[in-house]
Structure formats: C-alpha cells, structure tokens
Amino acid sequence: MTVNNQLPTTKNERVEEVFDIFIKHMQDFFDEAKLNHEEYTNFVNWADRLGKSGELPLYADVFLETHVLQSMYTVLPGTQPSLLGPYYVENAPFVEADSEGVVELPQREDEEGDVFYFSGTVKNVDGEVLKNAEVDFWQNDGSAKYSNFDSDAPDFNLRGRFLTDEEGKFTVKTFLPLPYSIPDQGPTGEFLGYMDQHPMRPAHLHIMFKAEGHETLITQVFFEGDEWMETDVAQGVREELITDPVDKGDYKESHLEFVLRKDS
C-alpha cells in the first residue's frame, strides 16, 4: 500500500477560477497557433528544461512580470512599479547616514566606477512626505555583476537599507550602474535566439520602499541616453523613472520623487 504523506488540499475557489481562465485561453492559443504534435512536444520538452534549469523565475521576469504590473498599476496614481528581478537579497545591512545626510553603500576600497549621488523624496498620493520610510537599495558593480550572485565582491556589496529623513528625503553615495546581459546560456537564452532578441538590460538601480500604512513599492531607476533603453529585454523601463545625471566634475548626481499608494 502506498502511503501519501501530503496533507489534504483544501478547495480554493480563487485557484479554480484562475485555472479555468488559464485553460480557456491556452486552448484558444492552441487553436489559433495551430500547433502540430511535434511542435507541441518540442514546447513541452523546452518547458521541462526551463523548470529543471531553475530559470522559470528568470523567464517570468523577462516575459510576464512587466505585463502583470502594467495591468495592475498603469491607471493608478503613484510611482509605477518595475521588476523585482532575480538579484534581490533579503536583509541587506542597515546603513546610517553621515552628518550631511548621505548614505554610503557598503563597497570595496578599490570599487571601480563613476561616483554617483542619487537622491530622492518619498511622498504618498496625498502629497504627505513619508519620514522614516525604509529604503532597500541594490545595484550591479563596475563589472556589471551583482554581489551575492555572479560577482567576486563580498556579500551585500552595493546593497543597503536606510531610512528617509524628517522631510522624506534620502541621498545615496554609490556608483553609476552598468547595462548587462541576463543569463542567456540556458533555455531562456535559447528562446531569445528563436525570437532573434538580444539579452540586454539597460543600466538601472533597484529600490524598494516600505512605509507603514502604504503599499510596498518595488521599482527601478534608469538613465537617459542608455543604448538599451528602448529595447530592454525585460520591458521594465518606465518613463517617469528615467533620470539624467548632472556632471559635477568628480561625480554625477540626480534626483527623483517617489509616490507611494496607501493600503487599500
């Protein structure tokens, strides 16, 4: 006798509702695409490789998440969210601002790149400044790689959490990020090849905002003039989140305002 150690699953009407819609549209898709059996089998085998490779979150980031976010938020007030991405790490160290209110991200002594001061003001949709809001900030380094993943940098390099000041403001001293290629040697890259699509993302900063009584905002900041801006493989660029750093000689700086939605 086979013993099933799994707990019985409780009926979930929302799962059933979404699954019914999914199956309906998949059936319509197969009818429209007119796949033959060989094409269907090739698709199933490719999807199997995608899952076994661990790239399903990557594929979803590139081809699905942007559309989910836009369908949810485009018509709503407040700053538009963008992709969380595969390089987020929880529990980045808290970093205190210096006497001038500047937060310097953890970094190596010989960190390479153009010094960049990025500042922001955090408000809500009613125009109220959000003091002591938590800001979680991460980016790639001068090799276009992320710490804790493919970089040889120490863990949490160019990652940090900090709080906005009494006026809802923050300033981060860091380095300009670089464009980079998403992993393209596995099933996701294979799919991009079929589509004759490049794997590049424009340079960007990742920022997550948390404030009591407000929805968490996960978004990205982009840079004017980036050659990959209009063809971002993940379609994550939002017009309101493009900034144009001002050259100050030894460093560059820019500023954006972020607007959080209240909890519903």
Side-chain angles (χ1 to χ4, degrees), residues 79-83 85 87-88 92-123 129 133-147 149-154 156-165 167-182 200-209 217-234 236-259:
T79 298
Q80 291 295 300
S82 190
L83 314 174
Y87 299 116
Y88 174 65
F94 265 102
V95 185
E96 296 289 342
D98 64 18
S99 59
E100 297 182 352
V102 176
V103 171
E104 186 166 352
L105 293 181
Q107 58 192 253
R108 294 165 287 194
E109 292 185 2
D110 58 349
E111 201 72 53
E112 297 181 355
D114 295 327
V115 177
F116 179 50
Y117 286 82
F118 179 72
S119 61
T121 303
V122 184
K123 300 180 179 180
V129 298
E134 180 181 310
V135 184
D136 198 338
F137 194 104
W138 68 103
Q139 65 171 89
N140 66 16
D141 61 21
S143 66
K145 297 180 178 180
Y146 286 83
S147 63
F149 288 90
D150 51 0
S151 171
D152 60 3
F156 297 108
N157 195 63
L158 298 182
R159 299 175 182 270
R161 290 180 293 163
F162 45 88
L163 301 178
T164 57
D165 65 16
E167 298 178 340
K169 297 180 179 180
F170 66 88
T171 300
V172 181
K173 181 183 179 183
T174 183
F175 298 86
L176 284 172
L178 298 176
Y180 66 92
S181 169
I182 66 168
M200 295 300 296
R201 294 220 62 209
H204 55 274
L205 306 171
H206 294 266
I207 315 180
M208 180 187 300
F209 298 94
L217 171 64
I218 300 169
T219 197
Q220 298 178 8
V221 173
F222 301 89
F223 300 91
E224 191 71 51
D226 191 298
E227 64 177 310
W228 305 107
M229 186 86 71
E230 295 183 1
T231 59
D232 177 13
V233 65
V237 178
R238 307 289 184 263
E239 289 294 328
E240 67 192 87
L241 293 166
I242 299 173
T243 184
D244 191 6
V246 177
D247 192 339
K248 294 293 186 177
D250 293 338
Y251 62 93
K252 295 182 178 181
E253 67 177 15
S254 63
H255 179 92
L256 284 178
E257 182 173 288
F258 300 91
V259 180

For Arg201 and Gly236, work out which heavy atoms get closest and say how close.
NH2-CA, 3.9 Å
Quick one: OH on Tyr87 to NZ on Lys145, what's the gap to the nearest 0.5 Å?
10.0 Å
Charged N to carboxylate O below 4.0 Å: is that the case for Lys173 and Asp98?
no
In Å, rounded to the nearest 0.5 Å, how long is the span from CH2 of Trp138 to CD of Gln220?
8.0 Å
Compare every heavy atom of Gly142 with every heavy atom of Leu178, then report the nearest pair and how far apart it is.
CD1-O, 3.3 Å
Counting C-beta onward and ignoring hydrogens, is there a side-chain heavy-atom pair between Glu112 and Asp110 closer than 4.5 Å?
no
State, to 0.1 Å, how close Ile182 and Val233 come at their nearest heavy-atom pair, and which atoms those are.
CG2-CG1, 4.1 Å
Between Asn157 and Glu111, is any side-chain donor less than 3.5 angstrom from a side-chain acceptor?
yes
Measure the shortest side-chain to side-chain distance between Asp141 and Phe175 over non-hydrogen atoms and say whether it is less than 4.5 angstrom.
no
Side chain proximity check, Val129 to Glu167, heavy atoms < 4.5 angstrom:
no
Compare all side-chain heavy atoms of Phe170 with those of Val103 and state whether any distance is below 4.5 angstrom.
no
Identify the two heavy atoms, one from Pro177 and one from Phe223, that lie closest to each other, and give their separation to 0.1 Å.
CG-CE1, 3.5 Å
Quick one: does any side-chain atom of Thr174 pair with a main-chain N or O of Phe116 as donor and acceptor, under 3.5 Å?
no
Please name all residues satisfying ring-ring contact (aromatic ring centres under 6.0 Å, His included) with Tyr117, sequence neighbours left out, ordered by chain then number.
Tyr251
Evaluation steps, side chain to side chain contact (heavy atoms under 4.5 Å, CB included), between Met200 and Asp226:
CA-CA 11 Å; Met200 295 300 296; Asp226 191 298; over 6 Å; no
Taking Arg161 for its side chain and Ala92 for its backbone only, find out whether a donor-acceptor pair lies under 3.5 Å.
yes
Could you check whether any side-chain N or O of Thr164 sits under 3.5 Å from a backbone N or O of Val135, counting only pairs where one atom can act as donor and the other as acceptor?
no
Evaluation steps, side chain to side chain contact (heavy atoms under 4.5 Å, CB included), between Val172 and Phe162
CA-CA 9 Å; Val172 181; Phe162 45 88; 3.2 Å; yes
When Tyr146, Tyr88, Phe118 are each screened for ring pair (Phe, Tyr, Trp, His ring centres under 6.0 Å) with His206, the one that passes is Tyr146
From Gln139 CD over to Leu158 CG, what is the distance, rounded to the nearest 0.5 angstrom?
5.0 Å
Taking atom CG of Asp247 as the centre, report whether more than 12 heavy atoms of other residues, nucleotides or ligands fall under 6.0 Å from it.
yes
Side-chain (Asp244) to main-chain (Glu224) donor-acceptor, under 3.5 angstrom:
no
For the pair Ile207 and Phe258, evaluate side chain to side chain contact (heavy atoms under 4.5 Å, CB included) and give the outcome as yes or no after the intermediate values.
CA-CA 10 Å; Ile207 315 180; Phe258 300 91; 4.1 Å; yes
Going from CD1 on Ile218 to CG on Leu83, what distance comes out if it is rounded to the nearest 0.5 angstrom?
10.0 Å
Within this structure, what is the CG-CG distance for the pair Asp136 and Leu217, rounded to the nearest 0.5 Å?
12.0 Å
Which heavy atom in Ser147 sits nearest to a heavy atom in Pro154, and how many Å separate them?
CB-O, 3.5 Å
Leu241 CG to Gln80 CD distance, which is reported to the nearest 0.5 Å:
8.0 Å
Is it true that Arg238 and Glu240 make a salt bridge, defined as a side-chain N closer than 4.0 Å to a carboxylate O?
no
Hey, are the side chains of Phe209 and Thr79 touching, using non-hydrogen atoms and a 4.5 Å cut-off?
no
Chi angles and distances behind the side chain to side chain donor-acceptor pair (under 3.5 Å) call for Thr121, His255
CA-CA 8 Å; Thr121 303; His255 179 92; 3.3 Å; yes
Heavy-atom distance under 4.5 Å between the side chains of Glu227 and Pro179, does that happen here?
no
Minimum heavy-atom distance between Asp232 and Val237, given as atom pair plus value:
OD2-N, 3.7 Å
